[in-house]
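All chains are named by letter (A, B, ...) in the order of the sequence lines, taking the proteins before the strands, and each is independently numbered beginning at 1.
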2 protein chains.
Amino acid sequence: MNIAGGKRGRITIHDVAAAAGVSISTTSKALNDTGRMSVETRARVKRIAGEVGFRPNALARGLLSKRSFTIGLLTNDTYGRFTLPLMAGVSEALVDHGVSVFLCAIEDDPALGQIHVEAMLEKQVDGIIASGKRVDGQLPVDLSKLPVPVVYAFTEGEPGSVTFRSDDAQGARLAVEWLVRIGRRRIVHITGPDDFFSVRERAGAYHAVIGGEGVVMYGRWAEAWGHEAVERIWSGEGEKPDAIFCGNDQIARGAVDTLRERGIRVPEDVSVVGFDNWEIVAGQTRPPLTSVDMELKELGRQAGLTVLALAEGRPVEPGVRTLPCRLVVRQSCGGKSPIE
Amino acid sequence: MNIAGGKRGRITIHDVAAAAGVSISTTSKALNDTGRMSVETRARVKRIAGEVGFRPNALARGLLSKRSFTIGLLTNDTYGRFTLPLMAGVSEALVDHGVSVFLCAIEDDPALGQIHVEAMLEKQVDGIIASGKRVDGQLPVDLSKLPVPVVYAFTEGEPGSVTFRSDDAQGARLAVEWLVRIGRRRIVHITGPDDFFSVRERAGAYHAVIGGEGVVMYGRWAEAWGHEAVERIWSGEGEKPDAIFCGNDQIARGAVDTLRERGIRVPEDVSVVGFDNWEIVAGQTRPPLTSVDMELKELGRQAGLTVLALAEGRPVEPGVRTLPCRLVVRQSCGGKSPIE
DNA sequence: TTTGCATGAGAAAACGTTTTCTCCGGGATT
DNA sequence: AATCCCGGAGAAAACGTTTTCTCATGCAAA
């Protein structure tokens with residue numbers, strides 16, 4: 001008897017059974033710690049399975065159990081700014097459960113989205129996580145009638161679904177309160193387009209913290225806008241701000257660079273806070289940016305566990321879940337610590 | 001007869017067969033355009049399959065055909081700098097063939113890598129693409145004894161395997177030749193650590209183009225290094241360069257920012273070329289960077305097609321394949337066009 | 001009429017598991 | 001001595017496809 005498996009190809013449970021001198025049923029039960037048998041038999045089968053390098057075929061298993069231990073992550077975020085940390089969280093949370101993740105980047109192409117969804121469904125994914133780059137926009141594909149659970153992250157979900165997003169208001173509060181606490185009084189807010197839900201949330205929190213009179217400048221999500229806004233402020237009349245709260249790190253970077261060029265010191269003269277904590281931007285700015293982190297990885301982790309729960313039929317409360325942000329302090333604000 | 005599928009759960013080929021009043025064999029043959037039957041029967045079965053929303057179970061299909069139409073992309077590139085474009089290419093090339101991609105980010109953790117590989121093999125992936133962030137380094141997991149084909153991209157492969165990487169020398173040549181063509185003569189090269197294969201390749205090409213006396217400054221892959229290097233050059237004695245070829249876009253950005261701060265105009269006084277064409281850096285620099293694009297997406301596409309070919313048993317020539325780079329002209333060099 | 005052959009369609013095996021059911025033997029209880 | 005039950009193990013069905021046979025029919029050729 002050939003221990004390397006009789007028939008050509010991968011080695012199956014039949015090979016293990018033959019090598020151990022038991023039936024495949026006993027082998028299966030031995031390996032899965034189910035059924036009844038002597039401890040010796042179980043141990044022997046397990047040992048032999050290890051020796052011959054048996055690897056159960058998930059296709060066969062899935063066919064029977066109707067669980068593929070596979071989920072799909074659908075995204076239209078081209079730069080991966082959101083997707084990558086999210087994906088890392090999802091994967092990290094699910095790998096322990098033996099679940100692998102299909103990543104499907106569908107630009108903004110409905111047809112491509114449809115194809116990917118179709119492919120995933122044929123492959124019997126246990127669930128799908130739909131992720132985008134803004135919370136007030138839908139993916140260009142209808143996920144409402146799918147035979148598998150769908151969880152939304154950073155994108156607008158169907159009514160009755162589970163949606164995850166960061167708590168923009170709380171994050172903005174964190175930033176502005178920090179500026180206030182280190183003694184800043186004239187804080188302006190340079191941010192993105194006001195048709196973004198997140199932008200309005202953050203601006204709202206900004207106003208709530210500083211009370212009444214604040215200045216919010218809406219623009220684009222680009223360094224150039226940070227640049228332009230600072231130029232506009234400092235070339236104008238009147239008292240200058242002593243702090244800037246920016247809608248994202250790119251704007252913040254543009255602002256910081258422009259201040260430096262104007263000879264205005266950051267953080268001595270002006271404190272700057274960013275949003276996103278995008279390492280590649282925040283960490284490379286001179287000085288490195290204090291920024292609000294949206295905890296995307298944690299968000300991914302929770303989205304992963306949620307879709308898994310749904311897949312297993314466990315009850316999950318529908319609705320929008322907002323996760324708290326965290327302030328990452330670097331050197332663009334000055335101030336030592338919240339307790340001075 | 002219930003047209004929505006008799007037994008509970010997803011609708012199977014049995015349901016289609018019943019609805020069409022034929023056997024499942026006939027149904028299968030009708031849908032796959034195999035076997036013999038009247039055109040009417042075939043058309044009717046197809047129509048009904050569409051009507052009831054039949055979706056073949058890829059698990060069952062894969063069990064039989066020993067093809068899962070699934071591949072794995074293994075990467076240790078945390079920032080996704082390389083992974084994302086690569087993934088986009090792989091996915092784009094394979095979606096047409098019905099293949100979906102598992103993305104597995106294994107930081108630099110051998111245990112995690114092992115777990116992911118194991119999970120993918122159980123799921124019967126048809127092949128694996130291993131990708132890294134430097135061509136002279138291996139992933140922290142042994143892929144040499146796998147029962148499925150492995151293709152390497154931007155990472156060191158086993159002898160006898162297929163490996164894809166960009167043509168660093170050609171890319172560097174493109175950059176330096178461009179600078180020469182627009183009239184620059186005193187070109188320095190500010191780049192990364194010289195223990196990177198790519199760094200040495202590019203420096204070699206730089207020397208080859210400008211002939212003999214060139215200045216190469218090795219450092220870190222960071223903006224701060226670009227900054228520091230420019231400071232060092234311009235605060236020193238002697239004639240200043242009229243062009244800088246940088247090892248990546250971050251270094252280039254640091255250099256451009258520092259030049260601007262020193263009142264040196266880019267591109268009028270000094271031309272700067274980057275490497276990577278990382279949109280988020282190159283596009284946001286003032287002025288936007290001319291940069292060498294490594295065509296990662298195309299590289300991903302070819303890697304995907306290659307692993308597919310191997311999975312299907314088609315012959316593939318082993319060895320290292322280098323893909324040409326492309327120069328993306330923005331505004332950091334001046335000069336109108338190659339033909340002046 | 002018999003033979004041959006093309007056409008249309010179904011039965012059944014196979015893929016690699018898991019799970020339910022059945023069987024057998026032996027020690028403990030009546 | 002008859003009964004019960006339990007521990008140990010295997011047989012077989014099931015999951016949803018694809019594919020290889022086999023079969024029945026009808027028509028043309030001998």
Do any N or O atoms of the protein come closer than 3.5 Å to N or O atoms of nucleotides 18-27 of chain C, and which pairs are they?
from   : atom 1 : to    : atom 2 : distance (Å)
C:dT18 : OP1    : A:N32 : ND2    : 3.4
C:dT18 : OP1    : A:R61 : NE     : 3.0
C:dT18 : OP1    : A:R61 : NH2    : 3.0
C:dT18 : OP2    : A:S28 : OG     : 2.7
C:dT18 : OP2    : A:N32 : ND2    : 3.2

Query raised in the report: So what does B:R67 hit on the nucleic acid, given a heavy-atom distance under 4.0 Å: a base, only sugar-phosphate, or nothing?
Result: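 It contacts nothing in the nucleic acid.
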Query raised in the report: So what does B:S65 touch, heavy atoms closer than 4.0 Å: a base, only the sugar-phosphate, or nothing?
Result: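 The residue B:S65 makes no contact with any strand.
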Please report, rounded to the nearest Å, how far the [atom2] atom of [N] is from the [atom1] atom of [X].
X      : N      : atom1 : atom2 : answer
A:Q124 : D:dC15 : CD    : C1'   : 11 Å
B:N57  : C:dG16 : CG    : C1'   : 14 Å
A:I11  : C:dC15 : CD1   : P     : 15 Å
B:L121 : C:dG16 : CG    : C1'   : 16 Å
B:E40  : C:dT7  : CD    : P     : 14 Å
B:R42  : C:dA9  : CZ    : C1'   : 12 Å
A:H14  : C:dA14 : NE2   : P     : 11 Å

Query raised in the report: Is A:R47 salt-bridged to A:E51, cutoff N-O under 4.0 Å?
Result: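 Answer for the salt bridge query: yes.
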Query raised in the report: So, B:F102 versus A:F102, ring centres under 6.0 angstrom or not?
Result: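 Ring centres of A:F102 and B:F102 closer than 6.0 Å.
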Query raised in the report: The side chain of B:L63 lies closest to which of these nucleotides: D:dG16, D:dA9, C:dG10?
Result: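 For B:L63, the side-chain atoms sit closest to D:dG16.
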Query - Nearest to side-chain heavy atoms of B:S38, which nucleotide of C:dT17, D:dA9, C:dA9 - result: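 Comparing C:dT17, D:dA9, C:dA9 against the side chain of B:S38, the answer is C:dA9.
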Report task. Find out whether B:I129 and B:T75 are in side-chain contact, i.e. whether some heavy atom of one side chain is under 4.5 Å from a heavy atom of the other. Result ->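 Not touching, per the 4.5 Å side-chain cut-off.
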Query - Any side-chain heavy-atom pair of B:R314 and B:L310 under 4.5 Å - result: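 Sidechains of B:L310 and B:R314: no contact.
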Query raised in the report: Does A:T12 put a side-chain nitrogen or oxygen below 4.0 Å from OP1 or OP2 of C:dG16?
Result: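 The answer is no; no side-chain N or O of A:T12 sits under 4.0 Å from OP1 or OP2.
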Query raised in the report: So does A:K66 get a side-chain nitrogen or oxygen closer than 4.0 Å to the phosphate oxygens (OP1/OP2) of D:dA14?
Result: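 No, A:K66 has no side-chain N/O under 4.0 Å of OP1/OP2 on D:dA14.
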Report task. Please collect all side-chain hydrogen bond (donor to acceptor under 3.5 Å, both in side chains) contacts where either partner lies in residues 94-106 of chain B, sequence neighbours excluded, each pair once. Result ->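 For residues 94-106 of chain B, and leaving out neighbouring residues, the side-chain hydrogen bond (donor to acceptor under 3.5 Å, both in side chains) pairs sorted by first residue read A:K123-B:S100.
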Query raised in the report: According to the side-chain hydrogen bond (donor to acceptor under 3.5 Å, both in side chains) rule, which pairs have a member within residues 153-162 of chain B, sequence neighbours left out?
Result: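 Listed once each, the pairs are B:Y152-B:E158.
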Query raised in the report: Can you name the nearest heavy-atom pair linking A:K66 to A:D126, along with the distance?
Result: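 Reported closest heavy-atom pair: O-OD1, 4.4 Å.
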